[in-house]
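Have a look at the structure below before the remarks.
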There are 2 protein chains.
Amino acid sequence: MRATIRDVAKAAGVSTATVSRVLNKPDMVDPETMERVRAAMERMAYQPSAIARGLSAKRSDTLGLIVPGITDFFFNELYKGIDRASQQNGMKVLLYDSEHSRERALDGFSILGGYQVSGIIFTSKLVTEDYDPILQRVGIPVVLTLTQSEARTPLPSFRIDEVRAMFDVVAYLVTRGHQRIGMIAGRQWDDKTGELRLEGYRKGLRHFGIEYNEELVEYGQYRFDDGYQAMQRLLEKQPNFHMTALCTASDEMALGAIRCLNDNGLHVPEDISVVGFDDLPLARMITPRLTTVAQPFAEIGEAAVSWLVRAVGREPSPSEIGDYLLPHRLVERESVRALGS
Amino acid sequence: MRATIRDVAKAAGVSTATVSRVLNKPDMVDPETMERVRAAMERMAYQPSAIARGLSAKRSDTLGLIVPGITDFFFNELYKGIDRASQQNGMKVLLYDSEHSRERALDGFSILGGYQVSGIIFTSKLVTEDYDPILQRVGIPVVLTLTQSEARTPLPSFRIDEVRAMFDVVAYLVTRGHQRIGMIAGRQWDDKTGELRLEGYRKGLRHFGIEYNEELVEYGQYRFDDGYQAMQRLLEKQPNFHMTALCTASDEMALGAIRCLNDNGLHVPEDISVVGFDDLPLARMITPRLTTVAQPFAEIGEAAVSWLVRAVGREPSPSEIGDYLLPHRLVERESVRALGS
DNA sequence: CCCCTTGATGTCAACGCTTTCATTACTATT
DNA sequence: AATAGTAATGAAAGCGTTGACATCAAGGGG
């Protein structure tokens, strides 16, 4: 049986209150007593029960993280930031995978609530009005990362300016002499990101006086296979291939597209330029190294945690609840070719 | 304020014990009462406090997972298996990242212990004798995945037969006409896997009467950059390049090696064949698709959880504490070329 | 008609901690 | 010397559950 606070107290000849104090309010206890207690703890390998503490103090020093899928490639980087920041604030993270299901996502709030988490980070899926009841109910701060909210309950969100980012991609491509620019956009029932990025693409074209052409656009749900299939459709739609560059809504889809191109005897960037989105670690590992938009995942995670930590225990002012757009960055690598003049 | 069990009890006109029973031993309560209680819960959006339950029942229905690094590419697949199996057994998973530090790994046991986890899954790092004190102390079952133990405390481990796996790779290569086979092996202070895979490689060579040649072997710590650099050293060691095939101790290093080869104007598999290890999701995404050894990560995770669930609350018999070797599989793709005769 | 089961429910003491409030022994202030 | 602070500690009441035990009504066997 593990040692409890009572055992330590007895061993050190003090009350449990004092032991609790050396842990939580060290400056309230006499240095000498402190020493004795510390020694006792050491001796008995005392580890306070986070559970009991949580129950008593009504806070668990734990943050809940809801992600749609653990296997989404961006997860690791995001988590790294969250973990790092949590660590610094003495918090633990409880992970919940909603498996891309809206119901499970909703459940997540309750379940994490049951663990007395001090705050919840919700990731990647669009928050719609049907989240409102839960959101009202949880009673703890919630922040959004890599997504935003359409619900009534105001929620802060940490992400990049998607429209701007994709606009930048188009601009980059145009500057390199491309005119026939296609796109594999994101499409998912519960995700606004796809729309936004597509909007950025259209905006970019418009800005440079290029006509939007449906023929050059296909959709997928961000994963590799979606990218592959979308590329396939693109290839079929235009037998006499004349697209010179392709934007994608995710690195994974970019990879899929490239694979598909390769399978059809086309090469990147010689025959067609491809730009990814995310800057996953693997973007620099493949051949050709992928030119892509870097999302500051780790920073987003850290920012979300900081916000949460600041918000816990008090009503955040309206001015704090807004959209925090972190800077993205276009990372030039090898998958785009400048068209000779 | 969230509704507590007392609120529900009052609303339903029963005692808290009854409410607790409808949750935990439904067959002990009258259907009619049950209905009333259920309704009350529904109405008040009652969510039992996992914390309080944990304290009272002395079990938290939570498993602890210690990984060396969240960004290790195999993590996601392993976690998927763990999460799935946990779900099925009504368990949550608490994640702890040791950041490749031995001290932090040791801490992990205490911290997770503080959360009353019912069991701990320890991953990827070799367990040495200095873990013994903690191991003795935790008092909850611990299982190892993707690694093994050299400590006194007997611990079950779930992994593949590393030696055999690498032997198979060599055999595969030899069958395809390769004789000059190099290797980028794993090396890390606290990892036995590297050794084992190297042993398999040597064993393979020996079996086919090929002499082991240090010139053809380099080491890295499993990550992309390590692979890249190791390849670089290999290239420098033998200016007149005559290696026809390369085994690696991880897919990531294989990727690194391929990148390095590409940067030196060499092509895979035309100029040299490369075999990875792990079968990460990205192995099938790159060009050329990577031939590699598939580790059943998800299955390993599931098996570990099952074992834990079975072991909780009772002393597992010695016969249950052994090495569980799950089947690996060589996945043929495109990165190996059969040498013409 | 009484006693014993049985099933359904209630009572209450934990679980290991934190926190308020009370107590004690000093020290500084008048 | 009396009073008021102040610093260090202790006693005890929760926190929201669970689980052992007690209670009670209804039904069955003698």
Side-chain angles (χ1 to χ4, degrees), chain A residues 1-38 40-41 44-62 90 110-111 113-118 139 313, chain B residues 1-38 40-41 44-62 90 110-111 113-118 139 313:
Chain A
M1 221 57 256
R2 322 168 54 94
T4 76
I5 200 174
R6 240 185 300 270
D7 302 326
V8 175
K10 198 171 303 174
V14 298
S15 74
T16 61
T18 301
V19 178
S20 171
R21 276 191 281 257
V22 351
L23 253 20
N24 303 302
K25 339 212 138 117
D27 36 319
M28 288 190 69
V29 17
D30 188 272
E32 203 176 304
T33 316
M34 181 109 153
E35 199 31 61
R36 268 206 336 280
V37 175
R38 283 259 161 80
M41 286 180 173
M44 320 179 73
Y46 170 68
Q47 172 75 28
S49 158
I51 300 274
R53 170 177 301 183
L55 182 58
S56 177
K58 301 162 91 149
R59 65 199 160 71
S60 63
D61 291 342
T62 300
S110 305
I111 294 183
Y115 280 87
Q116 297 270 24
V117 296
S118 320
Chain B
M1 218 61 252
R2 320 169 56 93
T4 76
I5 200 175
R6 241 182 299 269
D7 302 326
V8 174
K10 197 171 304 173
V14 297
S15 75
T16 62
T18 300
V19 178
S20 171
R21 275 190 283 257
V22 351
L23 253 20
N24 304 301
K25 343 206 133 122
D27 36 320
M28 287 190 69
V29 18
D30 186 271
E32 202 176 306
T33 317
M34 181 108 154
E35 199 31 60
R36 267 207 338 280
V37 174
R38 282 258 160 79
M41 286 180 171
M44 322 181 70
Y46 170 68
Q47 172 75 26
S49 158
I51 300 272
R53 171 177 299 180
L55 182 58
S56 177
K58 301 163 92 156
R59 66 199 159 72
S60 63
D61 292 340
T62 299
S110 305
I111 293 182
Y115 280 87
Q116 297 270 25
V117 295
S118 320

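The structure displayed is predicted, hence computed values, not measured ones. Order of the sequence lines fixes the chain letters, A, B, ..., with proteins taken first and strands second; residue numbering starts at 1 for each chain.
- In this structure, B:Arg53 CZ and B:Arg59 CZ are separated by 7.0 Å, a value rounded to the nearest 0.5 Å.
- Atom CG of B:Asn24 is separated from atom C1' of D:dT18 by 8 Å (rounded to the nearest Å).
- Annotation: side chain to side chain contact (heavy atoms under 4.5 Å, CB included) contacts of A:Thr62 (sequence neighbours excluded): A:Ser60, A:Lys92, A:Leu94, A:Val117, B:Tyr115.
- Between A:Ser49 and B:Gln116, the shortest heavy-atom distance links the atoms OG-NE2, 4.4 Å.
- Residues satisfying the side chain to side chain contact (heavy atoms under 4.5 Å, CB included) test with B:Ile5, not counting sequence neighbours, are B:Thr16, B:Val19, B:Ser20, B:Tyr46.
- Atom P of nucleotide D:dT17 and atom CD of B:Gln47 are separated by 10 Å, given to the nearest angstrom.
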Practice problem: If a protein heavy atom is under 4.0 Å from the base, mark B; if only from the sugar-phosphate, S; if neither, -; do that for nucleotides 6-12 of chain D going 5' to 3'. | Solution: --SBBB-
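- Put simply, OG1 on A:Thr4 and NZ on A:Lys10 are 8.0 Å apart, with the number rounded to the nearest 0.5 Å.
- Pairing each heavy atom of B:Asp61 with each of B:Gly90, the nearest pair is CB-O, 3.8 Å.
- Atoms CZ (B:Arg6) and P (D:dC15) sit 7 Å apart, rounded to a whole Å.
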Would you give me the side-chain donor-acceptor pairs under 3.5 Å for residues 26-37 of chain B, sequence neighbours excluded?
{"residue": "B:Asp30", "atom": "OD1", "partner": "B:Glu32", "partner atom": "N", "Å": "2.9"}
{"residue": "B:Arg36", "atom": "NE", "partner": "B:Ala12", "partner atom": "O", "Å": "3.1"}
{"residue": "B:Arg36", "atom": "NH2", "partner": "B:Ala12", "partner atom": "O", "Å": "3.2"}

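- In this entry the distance linking NZ of B:Lys58 with P of D:dG19 reads 11 Å, nearest Å.
- The footprint of chain B on DNA chain C, defined by a heavy-atom cutoff below 4.0 Å, extends from C:dA8 to C:dG16.
- Annotation: the terminal axes of the helix from C:dC1-D:dG30 to C:dT30-D:dA1 meet at 50°, where each axis is the rotation carrying the C1' atoms of four end pairs onto the next four (5 pairs per end, rounded to 10°).
- For the residue pair A:Val22 and A:Met41, the shortest heavy atom distance occurs at CG2-CE, 4.0 Å.
- Taking 4.0 angstrom as the limit, B:Tyr46 places a side-chain polar atom (N or O) nearer than this to OP1 or OP2 of D:dT17.
- Within the nucleic acid shown, A:Ser20 comes within 4.0 Å of at least one base atom, counting heavy atoms only.
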